[in-house]
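Order of listing sets the numbers, starting from 1, for every ligand and every atom in it.
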Amino acid sequence: MANPLYDRLFGLHAGKDTPFLILPDGRTITHDAFLRMAARFAHALIGAGLEPGDRVAAQVPKSPEALALYAAAAQAGIVFLPLNTAYTPAEVSYFVENSGAKLLIASPGAPLEPVAAAAGARLMTLGALGDGSFAEAASGAPETFATVARAADDLAAFLYTSGTTGRSKGAMLTHANLLSNAEVLAECWRFTAADRLIHALPIFHTHGLFVATNIVALTGGAMLFMEKFDAQEALRLMPQATAMMGVPTFYTRLLDEPGLTREATAHMRLFVSGSAPLLAETHRAFEARTGQRILERYGMTETNMNTSNPFEGERRAGTVGFPLPGVELKITDPETGATLPQGEVGVIEVRGPNVFKGYWGMPEKTKEELRADGFFITGDLGLIDADGYVQIVGRGKDLIISGGFNVYPKEVELALDAQPGVLESAVVGAPHPDFGEAVVGVIVPAPGAAPDLAAIEAALGATLARYKQPKRLLLRAELPRNTMGKVQKALLREEVKGLFAAAPAAGA
Ligand code: AMP
């Protein structure tokens, strides 16, 4: 095959005049129109001086054009590097420099000229309405493009994960990684050209870009393409939709809507949840209101999807189901790496065609997490129950997941420690009714100092993406430590767990 990802996801649909993207204003973009736009964008990428294997970084608002940029990069053999729109210029700067991206495409007006200049990258713009210098450069370009040949093992995308030491790692994903996962998921979840997926996820993350988009592109269906999630809007769209993929927050917000009923969801055949744990309580409340059992799956940036509850058969609340076809999953002892017996808690390791190629430019990190035999050490703690369902019981990585986004405490702690009057800090997650978890910062003042919490909040607002900013800052005389001097985060978590106590979801 000439270009595995492009050919199977996009090229296949040339000339097809059925909808691919349906926008909130009713505008429809057919598969064919989308491909013609992608071809023009591919010309613009080449015109900007990129060659196959080069990286293009994009921090752009969600739009059909932003998605076409992904298809264009695939077609031109360029590695696509989508960036969270919440990242600050300081954060973007790291990704552009680390990846060596030759081109940064940003929102018109974003203050990123110095970032691009410092990294020696070219800056172009692409706005929410398809405006900007990149769109202009593409406007007169031909609507066909000679697809660049790629091998299955060639890189298609980099997705950056947050690093536990505050340093982000670029997960290198190949054509075969992405395509194999889309094929398996489309089959497991029975996607066809008749499907219409409510797409309200961001397209800079594996869930919205790869899981959702790749499956629909592969099977030739359509997406009801929302800029962001809005529970009432999702309910309005359900009578014309067949499926939705969401993070748990989508489901708790839907449960807050009196309009969420059996009738409102009658046209839907599938609700998928992932990226963070779905409370068994939410699963049950959703079924009680709608008669639909949410299908929970488990994956991550480095591996795409690993497990899924069954389409047919029992979707078990509080579990993430079985390993996907082709994916091997084992539970190992965190100290020795030895495989543990069924039922015991240990580290989840996975191997399969979905598992990434390594971290860009970080062979040491890659070696620590990706074994020579191909098993990836996920850092998640879990078990396989007596019936073979995988349960995630915790996160060895100390990760906080707020509204579906990962926050690594270390990064926030470093930012807090740098503030005037702060001796040290510890950051933990507290259960939050809307976000799943909220970031809480515990600060120890320097001797004699009285840190100004409002000023610290303001300072963090300028340096950290919003979802990483603590929702609450607390002052403590000292941090709880064990005899080895390690901060006992479990004690802190216990202390803050009631901070955002939930009001029960309506009708739950
Ligand atoms: P990301 O790389 O942003 O996709 O985050 C991956 C992490 O999200 C995983 O390592 C898990 O800790 C967590 N995660 C993803 N799906 C689930 C799930 N269904 N239940 C619990 N945690 C999940």
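- At a 4.0 Å cut-off, at least one heavy atom of Ile401 sits close enough to ligand 1 to count as contact.
- For the pair Glu328 and Arg351, the salt-bridge criterion is met [side-chain N within less than 4.0 Å of a carboxylate O].
- Close contacts between ligand 1 and Ile392 involve ligand atoms 20 (N), 21 (C), 22 (N) [criterion: under 4.0 Å to a heavy atom].
- With Gln292 contributing its side chain and Thr265 its backbone, the two residues share a donor-acceptor pair below 3.5 Å.
- Under the 4.0 angstrom criterion for non-hydrogen atoms, Thr378 is not in contact with ligand 1.
- When heavy-atom distances to ligand 1 are checked against a 4.0 Å cut-off, Thr206 comes that close only through its side chain, counted from C-beta outward.
- Per-residue contacts place Pro277 under 4.0 angstrom from the following atoms of ligand 1 (heavy atoms of the residue considered): 20 (N), 21 (C), 22 (N).
- Salt-bridge annotation for Arg315 and Glu296: absent, with no side-chain N of the basic residue lying under 4.0 Å from a carboxylate O of the acidic one.
- Which parts of ligand 1 touch Val320 is read off a 4.0 Å heavy-atom cut-off, strictly below it: atoms 18 (C), 19 (N), 20 (N).
- Among residues at least two apart or in separate chains, ring-ring contact (aromatic ring centres under 6.0 Å, His included) pairs with a member in residues 298-338 are Phe322-Tyr389.
- Residues Phe95 and Tyr87 bring their aromatic ring centres within 6.0 Å.
- Screening Asn181, Ile203, Leu173 for a side-chain contact (heavy atoms from CB on, under 4.5 Å) with Phe210, the sole residue that qualifies is Leu173.
- Of all the heavy atoms of Thr301, the ones lying under 4.0 Å from any atom of ligand 1 are found in both the backbone and the side chain.
- With a heavy-atom cut-off of 4.0 Å, His207 does not touch ligand 1 at all.
- Between Arg284 and Glu287, none of the side-chain N atoms (NZ, or NE/NH1/NH2) sits under 4.0 Å from a carboxylate O, so this pair counts as no salt bridge.
- Residue Gly299 holds the heavy atom nearest to atom 7 (C) of ligand 1 of all those in Ala171, Gly299, Gly318, Ala276.
- Taking a cut-off of under 4.0 Å to the non-hydrogen atoms of Glu296, the atoms of ligand 1 that pass are 18 (C), 19 (N), 20 (N).
- For Asp434, the salt bridge (Lys or Arg N to Asp or Glu O under 4.0 Å) partners are Arg253, not counting sequence neighbours.
- When heavy-atom distances to ligand 1 are checked against a 4.0 Å cut-off, Ser273 has no atom that comes that close, whether in backbone or side chain.
- Interface atoms of ligand 1 facing His205, defined by a heavy-atom separation under 4.0 Å, are 1 (P), 3 (O), 4 (O).
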